[in-house]
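Numbering of residues begins at 1 and proceeds along the displayed sequence. The model shown is predicted, which means the values in this text are computed figures rather than measured ones. When a ligand or atom number is given, it counts from 1 through the structure's own listing order.
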Amino acid sequence: MPDPKNEIARLRALIAQHDRHYYKDAQPVIGDQAYDKIKADLAELERTHPEISSTKSPSQSVGDDRLEAFKSYRHRLPMLSLDNTYNPEELIEFGRRLEKRFSEQSLTYLVEPKIDGVAVSLTYEAGKLVRALSRGNGVEGDDITQNVNHIEGLTDRIEDAPSVIEIRGEIYMRHVEFERINTERETEGKALYANPRNLAAGTIKLLDPLESNRRKLDLVLYGIGATEPTNFFSTQSEIQQKLKDWKFPVLEKFWIASSIEESWECIEKLNSIRQSFSYPTDGAVIKLNNIAQQREAGFTSKSPRWAISYKFEAERAETLLRNISLQIGRTGAVTPVAILDPVQLAGTTVSRATLHNEDEILRKDIRPGDTVLVQKAGEIIPQVLGVNLEKRPPDSQAFDFGDHLKELGIEAQRDPDQAVWRIVGKEDPIRLKRALEHYAGRSCMDIDNLGIAVIEQLVNRGLVTTIPELYTLSQTDVLTLEKFAEKSAQNLITAIESSKNRELWKLIHGLGIPHVGKQSSKDLDTNFDSLDTICEATTEQLEAVEGLGSIMAQSIKNWFSDIDNKELITQLKSHGLNFKSSRQAHLGGALSNKTIALTGSLPSMTRDEATQLIEAAGGRTSSTVSKKTDYLLCGEASGSKYIKAEKLNIAILDEIAFRRLLDSE
Ligand code: IVH
């Protein structure tokens, strides 16, 4: 047993160090649970050795996020922390203490989600927002107004407010925004942010408010600090209602419980639904609902006696990293993936985790054979937070990305501008297979029955060496593949054939241009007339398209300037693929602005195929016949739609007439 005095000093220094990482740098290096454990150990030692205890101990304070560059202001009512527990028995004890204190009175609790964000306090004077402060050291906070005033839901003015009010809550970042920013950073070869909370904390402390405003933050408010006049509210639930009336973003759900046991039931309910909330929730906060009772219960130096937080077990676990496998993406980019000893995390078994890129592996010095800390947060793919160095095998060796690629026989080069390795040869079979799989996928050319097993065979047998060669395949070629018979071979050929009529954005997406996803492909489709005009567009013209940044514009330009890609486009055109954009189709297509109803089955095309042809020619389909219908396309001359169309004098087309109409432009 170490000397308690030394141990207390060690724990205090350790907490101070982790507080710096968490509050000042917004870069914690250990999880919440590990941090809370150190604090609990220190508090216990100080309790048993009161002679060493000190009010300056970090067990008695709330950390400090203040930075030199910010002006700080005093909170009218300090922003304190909460006592927390991971143990239901301690929660019940908290209730028992209050029951004892208020033995004559009935107690009601409010059970709220505990939001895992960054605390903020908004001061309104005469109903007008005067400033937003960070928690700071609890007594004084940094003025972060410039960095947060663009947040949706942060109102400038509130009606029927007390003359002064501090409104408190949390700022957070949604997962989609976090992913968006990290994807952008990845393309720029910059280090990735570890989690949404750290990024939100970093964003409100950016010195450049413009950059801060570029990152979308969200807000949820749940409480108040000082009010003038005092006693403006009499219960906690009334505060929630008033915040809602003021149109602030508020807690999606909270519960009123009439005993501490009932509170526990609410916490369990919360745990079962919290994944559906828009904000990350790491526990519950249980508060006395009655504010007069809160006042009477009072505070310790760092937290109220009338509230406690019950924290859910962290969604993190340690496990063995068996190997690092390399996955090839549609653009030939090589992505490292951790293959883990399966581990239970947030109710699911996790056996893989993303490692992002080479730099991430180097930065965290992750090696096969290491014991790693894995985290699963919300919908995010599990990620490796770090290595437990104490468990590293003595013969362990740093992971060499280049060597590993060589061992696997993958010829790749690191992109000089990014942290990404890419396969060099475009005809490399692995890269080609991935490119074809992407091209044929649902969100691209949607070619039925062209899955990975068929692609494997087509490439391995040399039947397809480029994307355009798909369109030269014959039924006889397909019949040489395993598990194909006459009918299935014909179906595949028909599916490939009908992909020629896909909307342009699907083709663009299918090309696998680096950084160009589904949405950007749609943006290109609606902003240019055809693939030919996109090929010829300058970087400036591309950049002018809303939604495409400079990185994407450059990437598109580079892709279309590449001689092999030019050849690929020429060949696709010669096979008759649709190059016309939806914009052009709508402007000048044969069915521009026409509404076509469909009925019955057509001799040689499915309804979906007919719909695609109609849309590609600028028309709309409708399921019913009305005065607004321009044509009825029908398989047989009967049925209620047919009769109605005749009655309304609407032109009726069979498949031949329909095809003629399409060709008439
Ligand atoms: S009430 C006197 N309610 O968690 C402090 N806090 O770990 C009263 N937090 O400082 C705080 N969700 O920044 C309260 N529903 C909630 C909360 C919440 C998140 C934060 C808050 C607090 C910290 C304590």
Side-chain angles (χ1 to χ4, degrees), residues 15 18-19 22-23 26 28 31-33 35-36 39-40 58-65 75-86 94 109-122 132-139 141-142 144 166-172 196-197 200-201 204 218-227 233 235-237 239-240 243-244 248-257 263 266-267 270-271 274 277-289 291 293-295 297-312 314:
I15 292 169
H18 288 307
D19 277 350
Y22 189 93
Y23 290 109
D32 280 7
Q33 215 169 338
Y35 175 82
D36 289 338
K39 271 201 150 175
S59 68
Q60 306 294 315
S61 64
V62 300
D64 190 354
D65 69 46
H75 299 295
R76 287 169 200 252
L77 197 79
M79 286 181 87
L80 297 180
S81 185
L82 285 170
D83 253 357
N84 64 52
T85 179
Y86 292 85
F94 158 81
Y109 299 93
L110 209 67
V111 178
E112 299 175 358
K114 178 168 172 13
I115 299 126
D116 188 16
V118 188
V120 66
S121 180
L122 309 170
L133 295 179
S134 71
R135 179 208 306 272
N137 64 353
V139 176
D142 278 349
I144 53 167
E166 289 177 319
I167 302 182
R168 292 187 173 164
E170 303 277 313
I171 288 171
Y172 66 97
R197 196 216 152 266
I204 63 166
D218 277 277
L219 174 74
V220 55
L221 299 174
Y222 50 76
I224 54 151
T227 60
F233 297 101
T235 62
Q236 198 68 38
S237 43
I239 296 175
Q240 301 295 349
L243 291 174
K244 206 169 167 186
F248 284 120
V250 288
L251 298 170
E252 283 173 47
K253 188 117 187 84
F254 60 85
W255 291 263
I256 296 178
S263 302
C266 302
I267 294 173
L270 166 66
N271 198 14
R274 68 190 168 111
F277 296 161
S278 51
Y279 38 77
T281 309
D282 60 348
V285 182
I286 303 90
K287 307 173 178 175
L288 269 184
N289 195 25
I291 291 180
Q293 286 174 340
Q294 288 184 0
R295 220 169 279 127
F299 294 87
T300 68
S301 64
K302 77 170 211 342
S303 50
R305 291 202 175 86
W306 45 265
I308 191 167
S309 81
Y310 177 86
K311 294 235 239 165
F312 300 122

Any residue meeting side-chain contact (heavy atoms from CB on, under 4.5 Å) with Ala297, in chain and number order, not counting sequence neighbours | Leu98, Phe102, Arg305, Trp306
For Asp218, the salt bridge (charged side-chain N to carboxylate O under 4.0 Å, His left out) test, sequence neighbours excluded, returns Arg174, Lys216
Determine the interplanar angle of the Tyr310 and Phe312 rings, folded into 0 to 90°, and report it as parallel if under 30°, tilted if 30 to 60°, perpendicular if over 60°.
-> perpendicular
Looking just at side-chain N and O atoms, do Asp142 and Ser134 make a donor-acceptor pair shorter than 3.5 Å?
-> no
Using the test side chain to side chain donor-acceptor pair (under 3.5 Å), find all partners of Thr300 that sit at least two apart in sequence or belong to another chain.
-> Ser303
Residue that, paired with Val120, satisfies side chain to side chain contact (heavy atoms under 4.5 Å, CB included) out of Leu219, Val220, Ile167 | Leu219
Give me the pairs of N or O atoms, one from ligand 1 and one from the protein, that sit under 3.5 Å apart.
| residue | atom | partner | partner atom | Å |
| --- | --- | --- | --- | --- |
| ligand 1 | 3 (N) | Lys287 | NZ | 3.0 |
| ligand 1 | 4 (O) | Lys114 | NZ | 2.8 |
| ligand 1 | 6 (N) | Tyr222 | OH | 3.3 |
| ligand 1 | 7 (O) | Lys114 | NZ | 3.0 |
| ligand 1 | 9 (N) | Tyr222 | OH | 3.2 |
| ligand 1 | 10 (O) | Leu80 | O | 3.1 |
| ligand 1 | 10 (O) | Arg135 | NH1 | 3.2 |
| ligand 1 | 10 (O) | Arg135 | NH2 | 3.2 |
| ligand 1 | 12 (N) | Ile115 | N | 3.0 |
| ligand 1 | 13 (O) | Arg135 | NH2 | 3.2 |
| ligand 1 | 13 (O) | Glu170 | OE2 | 2.5 |
| ligand 1 | 13 (O) | Tyr222 | OH | 3.4 |
| ligand 1 | 15 (N) | Glu112 | OE1 | 2.8 |
| ligand 1 | 15 (N) | Pro113 | O | 3.0 |

